[in-house]
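Below is one structure, written out as structure tokens; comments come after it.
Side chains included, hydrogens not; waters and symmetry mates left out as well; all remaining heavy atoms used.
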Amino acid sequence: QVQLVESGGGLVQTGGSLRLSCAASGRTLSSYAMGWFRQAPGKEREFVAAISWSGISTYYADSVKGRFTISRDNAKNTVDLQMNSLKPEDTAVYYCAAKATRRWVVATMSWEYDNWGQGTQVTVSS
């Protein structure tokens, strides 16, 4: 079982940037595809971005494409989400998630992931 801890959230103005990080322990992340999701108050959790175990393949929600970048460092057991040009509608709790597979299949649904972090709050002020 892999344990995930997110960090890097905070308050930022519209147009600003934040970098979220997800640190894993318990198992090496090199056996996992990884994803970032977010959940705003009163809304369902939604997919943000995913990356294959090798880091070669990535996939983004249309709402963040061109603004967010997912990356990973398997040697450090971390996965990052660089968020640029932030908008108020990006305000949410952001979660990282791990899917135990080395086969790249785009996974955008929460139930497709096996392990979750506790989340980090991102607030974008207008």
Side-chain angles (χ1 to χ4, degrees):
Q1 194 84 322
V2 63
Q3 290 81 45
L4 304 172
V5 178
E6 302 93 337
S7 61
L11 174 64
V12 64
Q13 291 185 332
T14 296
S17 298
L18 280 176
R19 189 176 184 90
L20 306 183
S21 187
C22 174
S25 61
R27 299 194 69 174
T28 174
L29 279 185
S30 61
S31 297
Y32 293 83
M34 298 296 294
W36 283 95
F37 287 73
R38 66 187 182 187
Q39 188 167 17
K43 295 188 176 181
E44 293 191 354
R45 191 169 298 189
E46 66 173 358
F47 170 79
V48 175
I51 189 167
S52 62
W53 72 271
S54 64
I56 292 175
S57 300
T58 58
Y59 186 79
Y60 298 91
D62 287 343
S63 58
V64 307
K65 201 172 295 183
R67 300 188 298 121
F68 290 11
T69 303
I70 187 171
S71 61
R72 67 189 298 160
D73 187 335
N74 286 342
K76 295 182 179 180
N77 241 21
T78 58
V79 178
D80 290 348
L81 185 68
Q82 177 66 43
M83 306 186 296
N84 298 329
S85 302
L86 283 162
K87 305 174 182 179
E89 50 264 44
D90 294 319
T91 295
V93 177
Y94 283 70
Y95 300 88
C96 72
K99 176 180 172 62
T101 182
R102 280 196 162 194
R103 188 168 66 94
W104 176 240
V105 175
V106 174
T108 63
M109 306 300 290
S110 300
W111 57 263
E112 297 182 275
Y113 290 81
D114 305 298
N115 304 96
W116 292 82
Q118 84 291 344
T120 185
Q121 176 71 46
V122 171
T123 303
V124 184
S125 63
S126 56

Which donor-acceptor pairs under 3.5 Å do side chains of residues 60-69 form with protein atoms, sequence neighbours excluded?
| unit_1 | atom_1 | unit_2 | atom_2 | d |
| --- | --- | --- | --- | --- |
| Y60 | OH | I70 | N | 2.9 |
| D62 | OD1 | K65 | NZ | 3.1 |
| R67 | NH1 | S85 | O | 2.9 |
| R67 | NH1 | D90 | OD2 | 2.8 |
| R67 | NH2 | S63 | O | 2.9 |
| R67 | NH2 | D90 | OD1 | 3.0 |
| R67 | NH2 | D90 | OD2 | 3.4 |

Study note, to complete from the structure: Rounded to the nearest 0.5 Å, the CH2 atom of W53 sits from the CZ atom of R72 at a distance of 8.5 Å

Check your understanding: Which pair of heavy atoms, one from T14 and one from S126, lies closest together, and at what distance?
Key -> OG1-CA, 3.4 Å

Practice item. Considering non-hydrogen atoms only, spot the tightest contact between S52 and I56 and give its length. Key: OG-N, 3.4 Å

Review point. Do Y95 and V122 sit in the same hydrophobic cluster, where Ile, Leu, Val, Met, Phe, Trp and Tyr count as joined when their side-chain heavy atoms come under 4.5 Å apart?
Key: no

Check your understanding: Would you find a donor on one side and an acceptor on the other, under 3.5 Å apart, between the side chain of N77 and the backbone of R27?
Key -> yes

Practice item. Provide the closest heavy-atom pair for V5 versus Q118 in the form atom of the first, atom of the second, distance. Key: CA-OE1, 3.7 Å

**Study point:** For the student: nearest non-hydrogen atoms of L81 and A49, plus distance
**Key:** CD1-CB, 4.2 Å

Review point. Among pairs that include at least one residue of residues 97-121, which meet ring-ring contact (aromatic ring centres under 6.0 Å, His included), considering only residues two or more places apart or in two chains?
Key: F37-Y113, F37-W116

Review point. Would a hydrophobic clustering, with Ile, Leu, Val, Met, Phe, Trp and Tyr connected at side-chain separations under 4.5 Å, put F47 with Y32?
Key: no

Check your understanding: So, does E6 use its side chain to make a donor-acceptor pair with the main chain of G119 at under 3.5 Å?
Key -> yes

**Study point:** salt bridge (charged side-chain N to carboxylate O under 4.0 Å, His left out) involving E46 - partner list, sequence neighbours excluded
**Key:** R38

Exercise for review: For D73 and K76, indicate whether the former's side chain and the latter's backbone hold a donor-acceptor pair under 3.5 Å.
Suggested key: yes

Review point. Going through the distances and angles, do R19 and D80 end up as a salt bridge (Lys or Arg N to Asp or Glu O under 4.0 Å)?
Key: CA-CA 7 Å; R19 189 176 184 90; D80 290 348; 3.2 Å; yes

Practice item. Report whether L18 and V124 are members of the same hydrophobic cluster (ILVMFWY, side-chain heavy atoms less than 4.5 Å apart, transitive linking). Key: yes

Practice item. Output the distance between atom SG (C96) and atom CE (M34), rounded to the nearest 0.5 Å. Key: 4.5 Å

Review point. Can Q1 and N115 be counted as having a side-chain donor-acceptor contact under 3.5 angstrom?
Key: yes

Study note, to complete from the structure: Tightest non-hydrogen contact, residues R102 and S30, listed as NE-O, 3.0 Å

Exercise for review: Determine, stepwise, if the pair S17 / Q82 fulfils side chain to side chain contact (heavy atoms under 4.5 Å, CB included).
Suggested key: CA-CA 8 Å; S17 298; Q82 177 66 43; 3.9 Å; yes

Practice item. State, to 0.1 Å, how close V79 and L29 come at their nearest heavy-atom pair, and which atoms those are. Key: CG2-CD1, 3.9 Å

Review point. Are the side chain of T123 and the backbone of L11 linked by a donor-acceptor contact shorter than 3.5 Å?
Key: no

Study note, to complete from the structure: In this structure, CD1 of I51 is separated from OG of S57 (nearest 0.5 Å) by 8.5 Å

**Study point:** Interatomic spacing from OG1 in T91 to CD in E89 - rounded to 0.5 Å
**Key:** 8.5 Å

